[in-house]
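Notes follow the structure.
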Amino acid sequence: MLELQRQRMLLQMEYEQEKEAFRQAQEARGLEQLVSRGDAWLPLHVGRSYYNSLNQFCVEVFRQPAEEDEDPIDHNFEFGKPVQFFKTPLNPPEGIPPLSPPEGGKNVPHPLQKTFTPLGMPTGAFVSYVDGDRMVVSVPDGFPVGDLLLSDGSQLGIQLFFDETTYRLMFEALDRTMRAKGRLGYLRDLFYSRQKAETYTFPDMGFDYLNPTQAHAVNEVLRAKDVAIVHGPPGTGKTTTLVEAIYETLRREPQVLVCAQSNMAVDWISEKLVDRGLNVLRIGNPARVDDKMLSFTYERRFEAHPDYPQLWAIRKAIRELRSQKKRSDSWHQKMDRLKSRATELEIRINQELFSQAHVIASTLTGSANRLLDGMKFSSLFIDEAAQALEAACWIAIRRAGRVILAGDHCQLPPTVKCYEALKGGLGRTLMERIANEKPEVVTLLRMQYRMHEDIMRFSSDWFYHNLMVAAPQVKHRSILDLDLPMTWIDTPTPAEPDGSPAGSEESNATGTSRKNTSEAHLTLLALQAYFEMIGHERILQERIDVGIISPYRAQVQLLRQLLRNNASLKPFRRLITVNTVDGFQGQERDVIVISLVRSNDEGQIGFLRDLRRMNVAITRARMKVIILGDRHTLYRHPFYRKLGQYIDSLKD
């Protein structure tokens, strides 16, 4: 109980710091930076407004698409996030000359313009759907949509708002867990003690299409009465194993709840479950919008139900009735009848949709959706559990009799922005806690199917006690004969004639990230040189794909800009992705190029000390890893010194 209270205190610290940081950022950042960070869209134009199948009033908006030779700006908008509309004048602040309009005559806000006027209500607007340059926003009834149709020469924009809802749900979950009795109280006491988790006893079942550790993991999941953990290092087929465990569980139970921290992770596991032949009902909208993903969302299924047209007509009649000013006794009687009929139809549709579904899938916070009120599940599966705060897991656990966690706590951790909260242990996940207290419930998947053995070996030695094995079909995979699978290119700081450093790391304009211009140029030169060795025709014919990774957002933006202007690499642009480590989680490429950025005399490496991010970066590669970094700076840390020495040893 004391540990849960401590978790709540640390979460409160994180909440207060994030809220204050959001407030300060809103005051300090210009609109240009909000847009470039993906926290705002500007300018917007408004499409239609309508009521969706959930009877929410929605407004459709579009942002200006990227030019043909530009990458679209990444954004952080996704289903369920709160947003705020605003307008900004085209005139720059006093004393700053106006900008000439760019070619094509499109108006843009002045980069130094920081002031804007919020439109509508500060809360109650949420992202309902986003795909490319189109977004649908659900807004409260009574939202002044007319205010969005600007006629005074100003521009309309939309920005992310501080997310109170997620924190509220996590606080409620911790409070509920602390006072819980029954099954939730039992699981709480079990997870916070060394008490043995209960299991069933039966002989191993055989699964011909799984390797021995995958088959063992499925059997352990089926035996677990309380909890089981599937620990899946990179490339080991964690999703394949989890899908099979869910499939086998459904031969014994009518329905399961499947959750993950992010919409993208929920989409991924849902798609694999659908491919396995299971009926999935996705609560919330997918991050990647296509017909296949939409086909198993609750909203699309609701709209497709035969009774929906009748429900829609009744809801329309209710709205029209509400608009009438004269309200007699007959008005109230008619309204009551319509509402009663609408409720009856909605309950009937929901009962049919939920009774037909084998799997209910949502994010952890999405499991608090009112649609699931009163529902209990024998089994809860949490994918990517090592990226979820413990409080978020308890939101879903209250609905479950037993919990299956899958993930890898040696890869990306949960995002914690408050240093004191992180230091206090907020970043320690429930999966880590249970794995440490009850190692007997953990199954490590050992055979990986992604990368060359030499790329795997360093990660296996450092993070997984040298237990990993490369599958025979990937053990020696490579692009070029006799090519080293890993290369480190030293990028020492060049010096000016007077001896001062000329190309070391530097902070970006806002001091929120770092970049290294000389290393960015070297990164693209290294890729060009490797492409020359492979041969341009072969790259295009075999579609050899490349990921350029940097831990720093400013370096990613610089690399994208340089890539756009690089004529030699232009034919291969569609095969090259540039992103942060977090952006590459769960992905893989034939070639991975990593720009580490840090270069200074003090040996400061910042959050490169979080070695789990480097584990993710290196293990995205199938056949080749090229690392660019200043050995003088990075070798002061034992991990990078060991990594460099390991790469050097491959030459022998």
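The salt bridge (Lys or Arg N to Asp or Glu O under 4.0 Å) contacts involving residues 357-367 comprise nothing, where partners must be two or more places apart or lie in separate chains. Listed by first and then second residue, the ring-ring contact (aromatic ring centres under 6.0 Å, His included) pairs involving residues 362-400 are Phe191-Trp394 (not counting sequence neighbours). Each ring-ring contact (aromatic ring centres under 6.0 Å, His included) pair with one or both residues in residues 405-429, not counting sequence neighbours, appears once here: His231-His409. Counting only residues at least two apart or on different chains, the side chain to side chain donor-acceptor pair (under 3.5 Å) pairs with a member in residues 352-362 are His305-Glu352.
Within 6.0 Å of CZ on Arg251 lie no more than 12 heavy atoms contributed by other residues, nucleotides or ligands. More than 12 heavy atoms of other residues, nucleotides or ligands lie within 6.0 Å of CE in Met13, so this atom counts as buried by the packing criterion.
Both tests do not hold together for Arg620 against Phe584: distance to the six-membered ring centre under 6.0 Å, angle to the ring axis within 45°.
Thr241 is not listed as a side-chain neighbour of Phe207, based on a closest heavy-atom distance of 4.5 Å or more.
Ring orientation note: the planes of Trp41 and His75 are nearly perpendicular, at an angle over 60° on the 30°/60° scale. Aromatic ring orientation, Tyr15 versus Phe171: perpendicular (interplanar angle above 60°, classes split at 30° and 60°).
Remark: Glu588 engages Arg450, Arg622 in a side chain to side chain contact (heavy atoms under 4.5 Å, CB included) (not counting sequence neighbours). Every residue was checked against the salt bridge (Lys or Arg N to Asp or Glu O under 4.0 Å) condition with Asp189, not counting sequence neighbours, and none meets it.
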